[in-house]
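Residue numbers begin at 1 in each chain, while the letters A, B, ... track the order of the sequences.
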2 protein chains.
Amino acid sequence: MDQNKIPQATAKRLPLYYRFLNNLNQQGKSRVSSKELSEAVKVDSATIRRDFSYFGALGKKGYGYNVEYLLEFFRKTLDQDEVTEVALIGAGNLGTAFLKYNFMKNNNIVIKMAFDASAEKVGEDIGGVPIYHIDEMEERMDGIQVAILTIPAGETDGVTERLVDYGVTGILNFTPARITVPEHIRVHHIDLAVELQALVYFLKHYPLENE
Amino acid sequence: MDQNKIPQATAKRLPLYYRFLNNLNQQGKSRVSSKELSEAVKVDSATIRRDFSYFGALGKKGYGYNVEYLLEFFRKTLDQDEVTEVALIGAGNLGTAFLKYNFMKNNNIVIKMAFDASAEKVGEDIGGVPIYHIDEMEERMDGIQVAILTIPAGETDGVTERLVDYGVTGILNFTPARITVPEHIRVHHIDLAVELQALVYFLKHYPLENE
DNA sequence: AGAAAGTCGTTACCCATTTCACAATTTAAT
DNA sequence: ATTAAATTGTGAAATGGGTAACGACTTTCT
């Protein structure tokens with residue numbers, strides 16, 4: 001709310017930095033330079049310094065950055081003290097992959113519940129997350145603001161409409177459908193087919209460059 | 001090879017356009033305007049016209065675009081007549097989601113084989129794709145240039161090195177690790193935790209805007 | 001036929017992001 | 001104590017992408 005000047009491109013890299021700093025810390029490293037960081041996360045070192053500088057002068061000239069200090073700073077900045085609860089809609093293979101991933105450790109996010117239309121799955125418990133029938137979605141959501149959409153393409157529009165009516169503020173959409181939502185709801189699309197085809201296209205047309 | 005001036009941002013949208021045009025065609029629509037297209041794929045109509053214009057004047061003023069013509073044109077441009085074969089490494093939940101997805105219909109890409117380290121999975125057949133043991137990777141790959149990496153984080157570096165030595169030219173990396181490869185190999189990263197955390201971060205810090 | 005409406009392709013501008021390059025500062029070495 | 005090496009933070013320039021607006025042309029309407 002108060003860091004409104006941070007570029008979106010920077011914000012997208014923060015989780016990456018955070019995770020890597022965590023690794024360093026666990027390895028016992030107490031100091032790191034933008035150059036080292038750059039090699040590890042594959043982001044230009046000037047970009048890293050610029051990214052950090054939006055938060056103030058976090059480093060020391062001639063020295064680099066103190067890992068622990070940086071971690072502590074980002075932990076606060078990324079609102080890591082407050083756990084974010086999300087719901088997963090669609091417990092197929094892709095959904096199950098999410099359920100088994102532990103977002104708590106580095107991201108302080110937890111998938112609180114999942115919904116599915118298949119009677120076999122309802123009642124199950126994958127990765128410690130209970131699965132309810134999708135008909136119970138609205139009554140069970142109980143204040144959750146974010147949904148991960150991993151359902152078949154055909155059901156997308158109907159479910160989206162229900163999520164909007166219910167009142168989510170963010171949707172991570174893994175279906176190929178481009179969903180329509182009111183302006184105040186944020187949607188991020190991740191389209192596996194598009195990602196794969198884009199890679200193939202780049203290989204054929206830009207054979208030697210890097211992204 | 002010859003379309004080297006096409007911006008990467010445009011190239012990433014092409015698969016999206018292509019898929020939607022296919023839908024239109026199947027619905028029997030023979031004509032479409034950039035405005036209609038815009039509403040369906042959620043891309044500004046001026047951007048669409050600009051994107052198309054990189055390939056020449058494909059439309060007609062006052063009329064719009066001929067769906068069939070556009071499809072035929074993109075089919076050639078996206079090299080859709082030549083099937084691209086890819087290999088999938090890691091047949092866990094995420095990998096299985098890929099195996100069950102049919103990339104042939106819209107993308108002319110086929111997952112030819114999968115590899116996994118688990119003895120139970122080897123010999124199985126998911127979505128018509130055979131699963132081999134990962135030790136047989138190099139001997140089985142047989143000319144395949146593109147790999148989808150859906151293995152646990154810990155195994156990433158070792159497998160990547162083997163893929164590089166074998167000679168892939170492109171990797172779609174779903175592991176959280178940022179892999180190191182020679183410059184001539186293209187890697188696209190899709191990091192589920194980063195995507196989720198970025199969405200959450202945006203919701204908290206940029207509550208009303210759109211991406 | 002003539003007028004009105006629709007739509008493209010493109011020019012000109014805008015904005016966000018990346019990167020270069022260097023002064024300032026600190027650390028490390030001799 | 002001096003010098004050399006390392007490294008940040010940032011001003012300025014470069015890159016890349018998006019969009020408003022409009023002339024030109026086509027279609028549709030009356």
Side-chain angles (χ1 to χ4, degrees), chain A residues 3-14 16-17 21 24 29-67 69-70 73-74 178 183 189 198 201-202 205-206 209-211, chain B residues 3-14 16-17 21 24 29-67 69-70 73-74 183 189 194 198 201-202 205-206 209-211:
Chain A
Q3 308 278 7
N4 268 18
K5 346 125 199 223
I6 288 151
Q8 307 212 354
T10 296
K12 278 198 177 177
R13 284 187 292 266
L14 294 182
L16 195 59
Y17 298 149
L21 288 168
L24 281 184
K29 281 207 72 170
S30 68
R31 166 185 172 175
V32 68
S33 71
S34 62
K35 193 156 156 262
E36 287 172 85
L37 220 50
S38 170
E39 278 152 24
V41 299
K42 319 285 183 208
V43 173
D44 186 273
S45 69
T47 300
I48 292 178
R49 292 198 300 281
R50 167 89 55 199
D51 282 347
F52 287 0
S53 78
Y54 290 116
F55 299 96
L58 304 177
K60 232 192 204 168
K61 301 185 181 188
Y63 172 89
Y65 301 90
N66 179 288
V67 174
Y69 176 78
L70 215 49
F73 184 87
F74 279 137
R178 282 333 216 214
E183 270 206 359
H189 294 275
Y201 181 86
F202 283 147
H205 294 85
Y206 305 78
E209 304 161 48
N210 266 349
E211 174 171 81
Chain B
Q3 309 277 12
N4 269 19
K5 346 128 201 223
I6 289 151
Q8 306 214 352
T10 296
K12 279 199 178 177
R13 284 187 291 266
L14 294 181
L16 196 58
Y17 299 149
L21 288 169
L24 281 185
K29 281 206 70 168
S30 68
R31 165 184 173 175
V32 68
S33 71
S34 61
K35 191 155 157 264
E36 287 173 85
L37 220 49
S38 170
E39 277 151 25
V41 300
K42 318 285 182 210
V43 173
D44 186 273
S45 69
T47 300
I48 292 177
R49 292 199 299 282
R50 161 91 59 207
D51 281 347
F52 287 0
S53 78
Y54 290 118
F55 299 96
L58 304 178
K60 232 192 204 168
K61 301 183 181 190
Y63 173 87
Y65 300 91
N66 179 289
V67 173
Y69 175 79
L70 215 49
F73 184 87
F74 280 137
E183 270 205 358
H189 295 274
V194 165
Y201 182 87
F202 282 147
H205 293 85
Y206 305 81
E209 305 163 46
N210 265 349
E211 176 171 78

Measure across [X] and [Y] and return the closest heavy-atom pair with its distance rounded to 0.1 Å.
X: Leu14(B); Y: Phe74(B); result: CD2-CE2, 4.0 Å
X: Leu16(B); Y: Arg178(A); result: CD2-NH2, 3.4 Å
X: Phe202(A); Y: Ala11(B); result: CE2-CB, 3.5 Å

Gap between atoms [atom1] and [atom2], on [X] and [N] respectively (whole Å):
X: Asp44(B); N: dG9(C); atom1: CG; atom2: C1'; value: 14 Å
X: Lys12(A); N: dT18(C); atom1: NZ; atom2: C1'; value: 16 Å
X: Asp51(B); N: dG9(C); atom1: CG; atom2: P; value: 12 Å
X: Ile48(B); N: dC8(C); atom1: CD1; atom2: P; value: 9 Å
X: Lys42(A); N: dT18(C); atom1: NZ; atom2: C1'; value: 19 Å

Next item on the list: Without swapping roles, check the side chain of Glu39(A) against the backbone of Glu36(A) for a donor-acceptor pair under 3.5 Å.
Entry: no
Margin query: Is it the case that the side chain of Arg31(A) and the backbone of Gly64(A) share a donor-acceptor pair, with hydrogens and angles ignored and the cut-off at 3.5 Å?
Written below: no
Notebook entry, point to check: Are Lys12(A) and Tyr201(B) side-chain neighbours, meaning at least one heavy-atom pair lies under 4.5 Å?
Noted result: no
Which atom pairs, one a donor and one an acceptor, fall under 3.5 Å between side chains of residues 45-52 of chain A and the rest of the protein, sequence neighbours left out?
from: Ser45(A); atom 1: OG; to: Arg49(A); atom 2: NH1; distance (Å): 3.4
from: Arg49(A); atom 1: NH1; to: Ser34(A); atom 2: OG; distance (Å): 3.2
from: Asp51(A); atom 1: OD1; to: Thr10(A); atom 2: OG1; distance (Å): 2.7
from: Asp51(A); atom 1: OD1; to: Arg13(A); atom 2: NH2; distance (Å): 3.0
from: Asp51(A); atom 1: OD2; to: Arg13(A); atom 2: NE; distance (Å): 2.7
from: Asp51(A); atom 1: OD2; to: Arg13(A); atom 2: NH2; distance (Å): 3.1
from: Asp51(A); atom 1: OD2; to: Tyr17(A); atom 2: OH; distance (Å): 2.6

Margin query: Taking only side-chain N and O atoms of Thr47(B), does any of them lie within less than 4.0 angstrom of OP1 or OP2 on dG18(D)?
Written below: no
Note to self: A quick test of your reading: do over 12 heavy atoms of other residues, nucleotides or ligands sit less than 6.0 Å from NZ of Lys42(B)?
What the structure shows: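 Count over threshold, so yes.
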Write out a two-atom table: protein N or O, nucleotide N or O from nucleotides 13-17 of chain C, distance below 3.5 Å.
from: dT17(C); atom 1: OP1; to: Ala9(A); atom 2: N; distance (Å): 3.2

For nucleotides 8-11 of chain D, which of its nitrogen or oxygen atoms have a protein nitrogen or oxygen under 3.5 Å away, and what is each distance?
from: dT8(D); atom 1: OP1; to: Ser34(A); atom 2: N; distance (Å): 2.6
from: dT8(D); atom 1: OP1; to: Ser34(A); atom 2: OG; distance (Å): 3.4
from: dT8(D); atom 1: OP2; to: Ser34(A); atom 2: OG; distance (Å): 2.6
from: dG9(D); atom 1: OP1; to: Leu58(A); atom 2: N; distance (Å): 3.1
from: dG9(D); atom 1: OP1; to: Gly59(A); atom 2: N; distance (Å): 2.8
from: dG9(D); atom 1: OP1; to: Gly59(A); atom 2: O; distance (Å): 3.3
from: dG9(D); atom 1: OP2; to: Tyr65(A); atom 2: OH; distance (Å): 2.7
from: dG9(D); atom 1: N7; to: Arg49(A); atom 2: NE; distance (Å): 2.9
from: dG9(D); atom 1: O6; to: Arg49(A); atom 2: NH2; distance (Å): 3.1
from: dG11(D); atom 1: O6; to: Arg50(A); atom 2: NH2; distance (Å): 2.6

